[in-house]
Amino acid sequence: MSRNLIFKNKLEEMFALIITTLTLTFCAVGLKATTVLIQSPGVVKVREGETVLIQCVLKSSNVRDTVDKFTVHWYNSRNKLNQEGIVLSLYVDGGVYRLWGFSDRFQLSRNVTSNSYSLTISDVKTTDSADYTCGIWGHLFGNGTRLNVTSADVPVLMQSPSLERVTEGHTARLWCTMTRARVEDTDVHWYRKLPEQDLEWVSTHEAGGRLAVGPGFKERFQPSRDTSNSSFILTVTDVKPSDSAVYYCTVWGDISGNGTQLVVTNPLDDPVLIQYPPFSRVLEGVTVQLQCALYNASVNDTDVHWYHQRPGNNSEWAMSHFVDGNVNKSSCISDRFKSYRNFTSNSYILSITNVSISDTAVYNCSVWNYIYGAGTQLNVTDANPPILIQSPSLEHVTESQSAWLECSMKNVAVGDTDVHWYRKLPGQDMEWVLTHEAGKSIRRRPGVTERFLPYRDTSNNSFILTVTDVVLNDSAVYYCTVWGDISGNGTQLIVIKPYETLSWKILGSITACVVVLVLLFCILIIAICYVKKWACFQHRLKPEGCSTEDLNTVSATVTAERQAKPQAATNVTVSEESEMYYADIQFLRQNTKGPTVTITEETTEYAVIKRA
């Protein structure tokens, strides 16, 4: 063979090698460019216990590229399509890799006829909910399958409130409670419908926590979950009039709530809730009614929500009473709790029948989701009820002075009991004034100033209410109350003007003077009578102008002459040299001894007495 022939053959071989290399390269590039994994279904929703089949079909322009020639990996997170995200693998030789926690319920297979890979999950659990993605070569992936596993029943969404009024600049909270599925395993989508416009996507909150927000809904629109109440929440901060719309929550793409009408109002239109009694202590088995009076709005047009806070726990939603009459309750609220409206007093009523000690809590009413009542502390006990005695029953106080009202309690120590003071103004209903809690804090009704000051006197086991600088409008009947329904007998406080007090004082002084004068006059009359009687008595015993010695002398003379000459006294001769005195002498029947003669009858004799 000549040298030229050899060179020619070498050159042909080199060209053939180059052509073969280029062909293979072009084929490889063409394979990559035309090879895809088509995964189906995109979303699958199943109930617990069912079986799920997920397929990935290999499409390639190279007929030699079949599924039996490549290892397939399965990922369960769209965010980890790398070596760390692999949970299952099916190798070319048929071997299977399973990440810990993935049991034999997860079966991998390949079908050469359909040129596809399959993932079969049997007896699915709610914990299997995730994104599953197939992949080969480490860089070619399917489009993923979203698996949602729920309980046996289809989820039900209940939105509350149906109408939400929020003042401009405040915060609105829209609730969407889901049953028959777990909120932590379910994506939720929020939409809104403005007047005369189409439905508008607001945000999506995925089960994994990822948040997607529509254009124009950043920052102020924040979705969240409350797993304790199985609810989705959409919070809208710093609300504006343009936020007024109907908002809807949606799960599984086609299950929606009933909608919430958000109305943004003027700040001057805010309602006010007055809740009473602020404290209620009752015995087990009785019925309790808690009331919330609404001002600046009508209970007929406003939803009301009730919350309760048990000792040592956070406040929890208890129930909602909507304007259409529907009532939603928390799972821990029994049928003993009923809500209704009193249109006469424009109030919401929460009635609890057959109360038990477990019902002890603070209950709050709320409208518009940010306006709350002051709360009612309900204490249920089996102790003996206390007894309240108020004093005085009637209290007159001069205007600008201070009134002192006392309420003594038996069977319970005042230091352990909240006391509530009420008053009834003439022609008006009973109204709450203030509450003095056992912890010493004081809550007053709006408009009640610090002129009304309560405190406790533990030495007398009494509650005291002092009213300083009283005015005429303070006149009312005041009642002390404990345990919500145990009241005192009341104290009538009457505030009078200062000149009325002076008139009463003058009248009292005049009355006192008249009484004293009458007494003095009576004493004077009695004294005159006694003096007169004494004078008469002295006159009968002693003649006028005679001394005791003269009277004795006359008595002796008359006695002696009576013994000698009984009739001598009737013929008496008057001596010119002597003065004549007549003595009217009363002789009494008596027995005498010695020389005195016994007188047997009463006689009156006249004797002439000559003064020596």
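Heads up: numbering here begins at 1 and tracks the sequence. Note that the coordinates shown come from a computational prediction; the quantities given were computed from them, not determined experimentally.
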Are Y422 and Y276 close enough that their ring centers fall under 6.0 Å? no

By ring pair (Phe, Tyr, Trp, His ring centres under 6.0 Å), H420 pairs with (sequence neighbours left out) F279

Sequence neighbours excluded, the answer for salt bridge (Lys or Arg N to Asp or Glu O under 4.0 Å) partners of E431 is R423, R445

May I ask you to test the V288-L290 pair for a side-chain heavy-atom distance under 4.5 Å? yes

What pairs with E50 under salt bridge (Lys or Arg N to Asp or Glu O under 4.0 Å), at least two apart in sequence or on another chain? none

Do N300 and S298 have a side chain donor and acceptor closer than 3.5 Å? no

Would you say the side-chain atoms of S256 and T250 include a donor-acceptor pair closer than 3.5 Å? yes

Can you run down the ring pair (Phe, Tyr, Trp, His ring centres under 6.0 Å) pairs that involve residues 334-364, sequence neighbours left out, and say none if there aren't any? none

S462 and E406: CA distance, side-chain angles, deciding distance, side chain to side chain donor-acceptor pair (under 3.5 Å) verdict: CA-CA 7 Å; S462 299; E406 185 172 1; 3.1 Å; yes

Using 0.5 Å steps for rounding, measure from the CG atom of D359 to the CG atom of L378. 7.0 Å

So do P454 and I442 actually touch side chain to side chain, heavy atoms under 4.5 Å? yes

T227 vs E184, side chain to side chain donor-acceptor pair (under 3.5 Å): CA-CA, chis, key distance, verdict: CA-CA 7 Å; T227 56; E184 57 267 37; 5.6 Å; no

Listed by chain and number, what are the salt bridge (Lys or Arg N to Asp or Glu O under 4.0 Å) partners of K240, not counting sequence neighbours? D238

Under 4.0 Å between a side-chain nitrogen and a carboxylate oxygen: does that hold for R443 and E437? yes

Any chance you could lay out the side chain to side chain donor-acceptor pair (under 3.5 Å) test for Q377 and N379, step after step, and finish with the verdict? CA-CA 6 Å; Q377 172 68 61; N379 280 353; 2.9 Å; yes

Using the salt bridge (Lys or Arg N to Asp or Glu O under 4.0 Å) rule, collect all pairs that involve residues 219-233, keeping only residues at least two apart or in two chains. R220-D243

Kindly check if the number of other-residue, nucleotide or ligand heavy atoms within 6.0 Å of CD (E450) is above 12? no

Is the ring pair Y307/Y372 parallel, tilted or perpendicular, if the boundaries are 30 and 60 degrees? tilted

Checking R210 against H205: is there a side-chain donor and acceptor pair closer than 3.5 Å? no

